[in-house]
Amino acid sequence: MDAKPTLHELRAAWLAAKEAERQAADERLAIEAAIVSLMPAKDEGTVTDKDSGISVTYRLTRSVDTDALRQDWAALPAPVQDAFRWKAEVDARKAKAIADVSPADYAALARYVTTKPAKPSITIKEST
């Protein structure tokens, strides 16, 4: 049976894989930029080159000034209000503080929140 790799061996392998990943991402991004430069541009929508089977989709990002929107919300016509979606998010720091101070309030909050483990985060220093 093969011996398990040591943490030092895994660290070296991780750093090598991370560098290979960075190089591959840089190469892919350069290729994507070259493809985009050869395709017709538009503000939004998809352009397809049927000979190569390559499609480029152009999008515009839209952000909302939430504070201004909240301030003006009541005065907006219903069709304008319908153009916005609201997404509730949990402020983890405040939720933890509530849990520490008032378990009953936290129980009320927790009814609306699904909690599950996230992927563990690994930090490796480039040199030791």
- Message: Determine whether Gln23 and Glu27 satisfy the following criterion, side-chain hydrogen bond (donor to acceptor under 3.5 Å, both in side chains), listing intermediate values before the conclusion.
- Response: CA-CA 6 Å; Gln23 289 177 5; Glu27 182 179 359; over 6 Å; no
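- Closest approach of Leu60 and Glu44 over heavy atoms only: CG-CG, 3.6 Å.
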When the side chains of residues 82-91 are checked against the rest of the protein, which donor-acceptor pairs come out under 3.5 Å, sequence neighbours left out?
residue, atom, partner, partner atom, Å
Asp91, OD1, Arg93, N, 3.2
Asp91, OD1, Lys94, N, 3.2

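- Residues Asp49 and Met39 share a closest heavy-atom pair of N-CE, 3.7 Å.
- For Glu32, the side chain to side chain donor-acceptor pair (under 3.5 Å) partners are Arg28, not counting sequence neighbours.
- Ion pairing between a basic and an acidic side chain is recognised when a charged N comes within 4.0 Å of a carboxylate O; Asp26 and Arg22 show such pairing.
- Taking hydrophobic clusters as Ile, Leu, Val, Met, Phe, Trp and Tyr residues chained together by side-chain heavy-atom distances below 4.5 Å, Leu10 does not share a cluster with Leu15.
- Between Asp100 and Tyr106, the closest side-chain pair of non-hydrogen atoms is not below 4.5 Å.
- The two residues Arg11 and Ile124 come nearest to each other via the heavy atoms CG-CG2, 3.6 Å.
- Note that the CD1 atom of Ile35 and the CD1 atom of Ile54 stand 4.5 Å from one another [nearest 0.5 Å].
- When every heavy atom of Thr48 is checked against every heavy atom of Thr46, the shortest pair comes out as OG1-CG2, 3.9 Å.
- More than 12 heavy atoms of other residues, nucleotides or ligands shown are found within 6.0 angstrom of CG on Leu38.
- Looking at Arg70, its side chain never comes within 3.5 Å of a backbone N or O of Asp65 through a donor-acceptor pair.
- In the hydrophobic clustering of this structure, Val56 groups with Ile31; members are Ile, Leu, Val, Met, Phe, Trp, Tyr whose side-chain heavy atoms approach within less than 4.5 Å, directly or through other members.
- By the ring pair (Phe, Tyr, Trp, His ring centres under 6.0 Å) test, Trp14 is found to be paired with no residue, residues two or more places apart in sequence or in another chain being considered.
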